Amino acid sequence: VLASFTYRRVREFPISGGPSTCRISEHIADAEVLGGKILSAMKWDSLAMVEFRRDARTKSLHLMEINPRIWGSIALAITAGIDFPALALDAAMGYEIKQPMWNEGVMCHWMFGEILHFLKKGRPFSAFREAFLTFLGKNSDDIFDWNDFAPFLVSVISILLAPFSMKSFNDVFRRGI
């Protein structure tokens, strides 16, 4: 393991288990050690995200999955100070990699997921308050960046056009709705 980073999932959507909508960088030593052991045993030599769930009763970690690719919550790691895509490129080019320092307590949101999370919980005011505070606060968003609006605009357009996509059209046509 050339570099590692851990975080705690705060919220997700769907609420029963899905992508995180809010997460915070946090040193979780036992997850780092266990994740490193798993990847070493596999002789893994590329990017990977090892996901665990902690048992509330026993406090032990249980392996959920290993994502052998850039993961959806990568924005948090980058915002906290560890740019995994750049490190992977440096490693591929043969540069020496040293474990970067990263900041604890950095929070990152996926605004659209946050809205869905709170709407599903029947708390629409919280949904829009969280989304608004993400824009104003020190917390960052997975997609929105004041310096680069393009990814956010593409996301909004994609969401607005989703009902008109060919797949949606075919589903509607097939069902006769």
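Numbers here simply count residues along the sequence, with the first being 1. Just so it is clear, the model here is predicted, and its values are computed rather than measured.
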K.L.:
Mind listing the closest non-hydrogen atom pair of P85 and I78 along with its distance?
P.N.:
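Minimum heavy-atom contact is CD-CD1, 4.2 Å.
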K.L.:
Which atom pair, heavy atoms only, marks the closest approach of A31 to F52?
P.N.:
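Nearest heavy atoms, A31 then F52: O-CE1, 3.6 Å.
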K.L.:
Membership question, hydrophobic clusters at under 4.5 Å side-chain separation (ILVMFWY): are L87 and V1 in the same one?
P.N.:
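Looking at the clustering, L87 is in a separate group from V1.
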K.L.:
Same cluster or not: are V50 and M42 linked, directly or through other Ile, Leu, Val, Met, Phe, Trp or Tyr residues, by side-chain heavy atoms under 4.5 angstrom apart?
P.N.:
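They do share one cluster, since a chain of ILVMFWY contacts under 4.5 Å joins V50 to M42.
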K.L.:
Measuring from E104:CD to T6:OG1, what's the distance to the nearest 0.5 Å?
P.N.:
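Result: 7.0 Å between the selected atoms.
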K.L.:
Is there a path of hydrophobic side-chain contacts, each under 4.5 Å between heavy atoms of I, L, V, M, F, W or Y residues, that connects I38 with V33?
P.N.:
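No, separate clusters.
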K.L.:
Listed by chain and number, what are the ring pair (Phe, Tyr, Trp, His ring centres under 6.0 Å) partners of F84, not counting sequence neighbours?
P.N.:
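Per chain and number, F84 pairs via ring pair (Phe, Tyr, Trp, His ring centres under 6.0 Å) with W71.
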K.L.:
What's the shortest heavy-atom distance between S73 and S20, and which atoms?
P.N.:
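Shortest heavy-atom contact: CB-OG, 4.3 Å.
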K.L.:
For Y7 and S25, work out which heavy atoms get closest and say how close.
P.N.:
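The pair with the smallest heavy-atom distance is CB-CA, 3.9 Å.
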K.L.:
Quick check for you: to the nearest 0.5 Å, what is the distance between D90 atom CG and I97 atom CD1?
P.N.:
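The CD1 atom of I97 is 4.5 Å from CG of D90, to the nearest 0.5 Å.
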K.L.:
Can E51 and R23 be counted as an ion pair, charged N to O under 4.0 angstrom?
P.N.:
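No, no charged N to carboxylate O under 4.0 Å.
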K.L.:
Any Lys/Arg nitrogen of R54 or D30 sitting under 4.0 Å from an Asp/Glu carboxylate oxygen of the other?
P.N.:
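Judged by the 4.0 Å cut-off on N to carboxylate O distance, R54 and D30 do form a salt bridge.
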K.L.:
Can you tell me how far NE2 of H27 sits from CG of N103, rounded to the nearest 0.5 angstrom?
P.N.:
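One gets 8.5 Å once the value is rounded to the nearest 0.5 Å.
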K.L.:
Would you confirm whether Q99, through its side chain, and S4, through its main-chain N or O, come within 3.5 Å as a donor-acceptor pair?
P.N.:
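Yes; judged by distance alone, with no hydrogens or angles, the pair exists.
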K.L.:
Linking I/L/V/M/F/W/Y whenever any side-chain heavy atoms sit under 4.5 Å apart, do L89 and Y95 land together?
P.N.:
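In one cluster with L89: Y95, yes.
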K.L.:
Under 4.5 Å between side-chain heavy atoms, counting indirect links through other Ile/Leu/Val/Met/Phe/Trp/Tyr residues: same cluster for L34 and M64 or not?
P.N.:
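Each belongs to a different hydrophobic cluster.
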K.L.:
Roughly how far, to the nearest 0.5 Å, is the CE atom of M107 from the CG atom of L76?
P.N.:
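Reported value, rounded in 0.5 Å steps: 9.5 Å.
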K.L.:
Run the ring pair (Phe, Tyr, Trp, His ring centres under 6.0 Å) test against F5 and tell me which residues pass, sequence neighbours left out.
P.N.:
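Ring pair (Phe, Tyr, Trp, His ring centres under 6.0 Å) list for F5, sorted by chain: W102.
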K.L.:
Ignoring hydrogens and geometry, is there a side-chain-to-backbone donor-acceptor pair from N67 to R69 under 3.5 Å?
P.N.:
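No, N67 side chain to R69 backbone: no donor-acceptor pair under 3.5 Å.
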K.L.:
Can you tell me how far apart CG (D83) and CD1 (I74) are? Round to the nearest 0.5 Å.
P.N.:
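Interatomic distance, D83 CG to I74 CD1, rounded to 0.5 Å: 7.5 Å.
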K.L.:
What is the minimum heavy-atom distance between I66 and L39, and which atoms define it?
P.N.:
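Nearest pair, atom of I66 first, then L39: CG2-CD2, 4.4 Å.
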K.L.:
Rounded to the nearest 0.5 Å, how far apart are OG1 of T21 and CZ of R9?
P.N.:
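Those atoms lie 8.5 Å apart.
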K.L.:
I need the minimum non-hydrogen distance between C22 and H109, along with the two atoms involved.
P.N.:
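Nearest heavy atoms, C22 then H109: SG-CE1, 3.6 Å.
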K.L.:
Indicate yes or no for a side-chain donor-acceptor contact from K43 to the backbone of S40 under 3.5 Å, with no hydrogens or angles considered.
P.N.:
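Such a contact is absent between K43 side chain and S40 backbone.
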